[in-house]
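A quick write-up on the structure given underneath.
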Amino acid sequence: MAVHVALTGATGFLGLRLLRRLLTTHRSVTVLAHAGSGDALHRITRFFELTGAPAAFTTPLADRLRVVETELERPRLGLSGRAFQELADGLGAIWHSAGSINLEGDLPELRRTNVEGTRHVLELAAAGRGRPVVHHVSTAFVAGRRREGVAYEDELDDAYGFENAYEHSKYEAEKLIHAWSREHARPVVVLRPSILVTDLPPHAELPAHPLQVVERIMRDARRTAGTSGQSRDGRPRVRLVGHPHGRLNLLQVEHAAEVMVRLAGRTPSGGVDTYHVVHDRDVPVPTIVTLLERLASVSIELVATEPDDPSALESLLEFYPGLTAYLAHRRRFDDTRVRTLLGPSAASGRVDLDYLHSGLTARDHVPAGPAAPPTTDFPSGHHP
């Protein structure tokens, strides 16, 4: 029996890749698009065109995608009672990928999108006669301000606090999911990716990824601050709190989407199944520092504490708490469960300085890439 799936966040950085994968295992997908955000179908089609999809894939999209304009922050997703019930009854699975990743946002703002949005997606799942399975995209950074040791998939607590309101809001969304699952005796699959990246060059019609946001903050701050605090080589010096032996987990967004869809194809336990979708090798913080130095033409010095005499540039960067906190992280995300289930195919390709630089350097054109992975990428029985 065919299972019909709905996806929120389908025009986002990860959502577009999830949609690409879901279209290899489902004849059609309902896209729950943000009301008033523009022509979602056009933006989705344009993404596939820019990433090398053949006409044989893009032309049928209008027939394979059903777009429903919704408002995640509102009860019933902003739909009428009848439209909401009809939508709910037609679904066998719901993927919730939409959310705000604004690292500088305040908690009330982020709660509206990340917590209340999740609450209303769960409301949709509870209303459906088909009892659709919910697949919720969270983040490995619900681990919060714990900067050392190992973060495990079954851990979910706020004992360490959080680096920013984004992490806090995603933690609260997961707590909500656990309460909902217990109340309704329903399964939920929670997928926790690390920092998602790509080597696809930036393009005005493609969604930005987290490192692009960091790069823009660095560039804007440098332009505003001028040439204060120059180093010996003539570049502005920036002292950032960080650990020389720190590491960050960065994962190719395409691989993350593949792993998520494969995990979703497994029979859920009946409760909340949580998976760390992370790279098997962390990126050293000095590599990130070198990348930022190249892109923003600055000279970065890692220091143990914030300087007492910050330059104009350093003072500007202090306004962005989500920017530098992760340079001090040395923790590891355990993904034993994923590697046990998927075996060697869970391993990721190399993410190094050249890969990251490619995804942040504009070119005259976007190189063609595979638009629709063949269904043979999925082992038998792993289809949702």
Side-chain angles (χ1 to χ4, degrees), residues 1-34 37 39-70 77 79 82-98 121 124-125 127-137 186-189 191 253-268 342 345 368-384:
M1 178 178 173
V3 172
H4 190 71
V5 62
L7 170 65
T8 72
T11 59
F13 181 62
L14 171 62
L16 283 162
R17 276 78 177 186
L18 283 174
L19 179 60
R20 171 183 290 173
R21 285 281 167 178
L22 290 170
L23 285 170
T24 70
T25 55
H26 295 78
R27 188 187 63 80
S28 63
V29 173
T30 293
V31 170
L32 303 182
H34 181 62
S37 61
D39 188 343
L41 179 59
H42 171 76
R43 284 185 289 150
I44 290 167
T45 303
R46 186 66 179 139
F47 166 78
F48 287 130
E49 290 173 344
L50 286 169
T51 53
F57 180 79
T58 58
T59 301
L61 284 176
D63 295 324
R64 299 187 68 190
L65 300 180
R66 174 196 177 201
V67 177
V68 178
E69 292 199 349
T70 57
L77 303 179
L79 301 172
R82 180 177 179 180
F84 180 79
Q85 193 61 53
E86 287 179 352
L87 173 64
D89 287 340
L91 298 177
I94 301 172
W95 281 77
H96 181 37
S97 176
V121 168
L124 178 69
R129 288 184 300 185
R131 295 171 63 85
V133 177
V134 176
H135 306 92
H136 173 75
V137 178
R186 296 274 296 276
V188 180
V189 178
L191 302 154
V253 65
E254 293 83 4
H255 184 67
E258 176 193 350
V259 168
M260 289 179 183
V261 172
R262 290 181 64 192
L263 290 171
R266 307 191 69 87
T267 302
L342 301 186
S345 63
T375 54
T376 51
D377 283 357
F378 299 86
S380 177
H382 282 201
H383 291 191

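- For the atom pair CD1 of Ile44 and CZ of Arg64, the computed distance is 12.0 Å after rounding to the nearest 0.5 Å.
- Between Leu342 and Glu258, every side-chain heavy-atom pair lies at or beyond the 4.5 Å cut-off.
- Thr24 places a side-chain N or O within 3.5 Å of a backbone atom of Arg21 that can act as its donor or acceptor partner.
- Heavy atoms only, all atoms of each residue included: Ala40 and Ala33 are closest at CB-CB, 3.8 Å.
- Between the CD atom in Gln85 and the CG atom in Leu124 there is a gap of 9.0 Å [rounded to 0.5 Å].
- Between His255 and Ser345 the shortest heavy-atom distance is CE1-O, 3.6 Å.
- One N or O on the side chain of Arg17 and one on the backbone of Phe13 form a donor-acceptor pair closer than 3.5 Å.
- Residues Gly90 and His4 come closest through the heavy atom pair O-CB, 3.5 Å.
- How far CG of Asp89 is from CZ of Phe84: 10.0 Å, rounded to the nearest 0.5 Å.
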TODO: Any chance you could lay out the side-chain contact (heavy atoms from CB on, under 4.5 Å) test for Arg20 and Val261, step after step, and finish with the verdict?
DONE: CA-CA 10 Å; Arg20 171 183 290 173; Val261 172; over 6 Å; no
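- Taking both residues in full, the closest heavy atoms of Val134 and Ala125 are given as CG2-CB, 3.5 Å, listed atom of the first, atom of the second, then distance.
- Contact detail for Gly9 and Ala98: the closest heavy-atom pair is N-CB, 3.5 Å.
- Two residues are said to be in side-chain contact when any heavy atoms from C-beta on lie closer than 4.5 Å; Val137 and Leu18 meet this criterion.
- Arg43 CZ to Thr11 OG1: the interatomic distance, rounded to the nearest 0.5 Å, is 4.0 Å.
- Side-chain contact between Arg186 and Pro132 is present, with at least one heavy-atom pair separated by less than 4.5 Å.
- In terms of modelled atom types and a separation under 3.5 Å, the side chain of Thr70 and the main chain of Leu77 share no donor-acceptor contact.
- Separation of atoms CD (Glu254) and CG (Leu14) is listed at 10.0 Å; rounding is to 0.5 Å.
- Between His96 and the options Leu7, Leu32, Val121, a side-chain contact (heavy atoms from CB on, under 4.5 Å) holds for only Val121.
- Between the CG atom of Leu65 and the CG atom of Leu41 there is a distance of 6.0 Å, given to the nearest 0.5 Å.
- When all heavy atoms of Val31 and Ala10 are compared, the pair lying nearest together is CG1-CB, 3.6 Å.
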TODO: Take Leu61 and Leu23 through the test side-chain contact (heavy atoms from CB on, under 4.5 Å) and record every step on the way to the result.
DONE: CA-CA 9 Å; Leu61 284 176; Leu23 285 170; 3.8 Å; yes
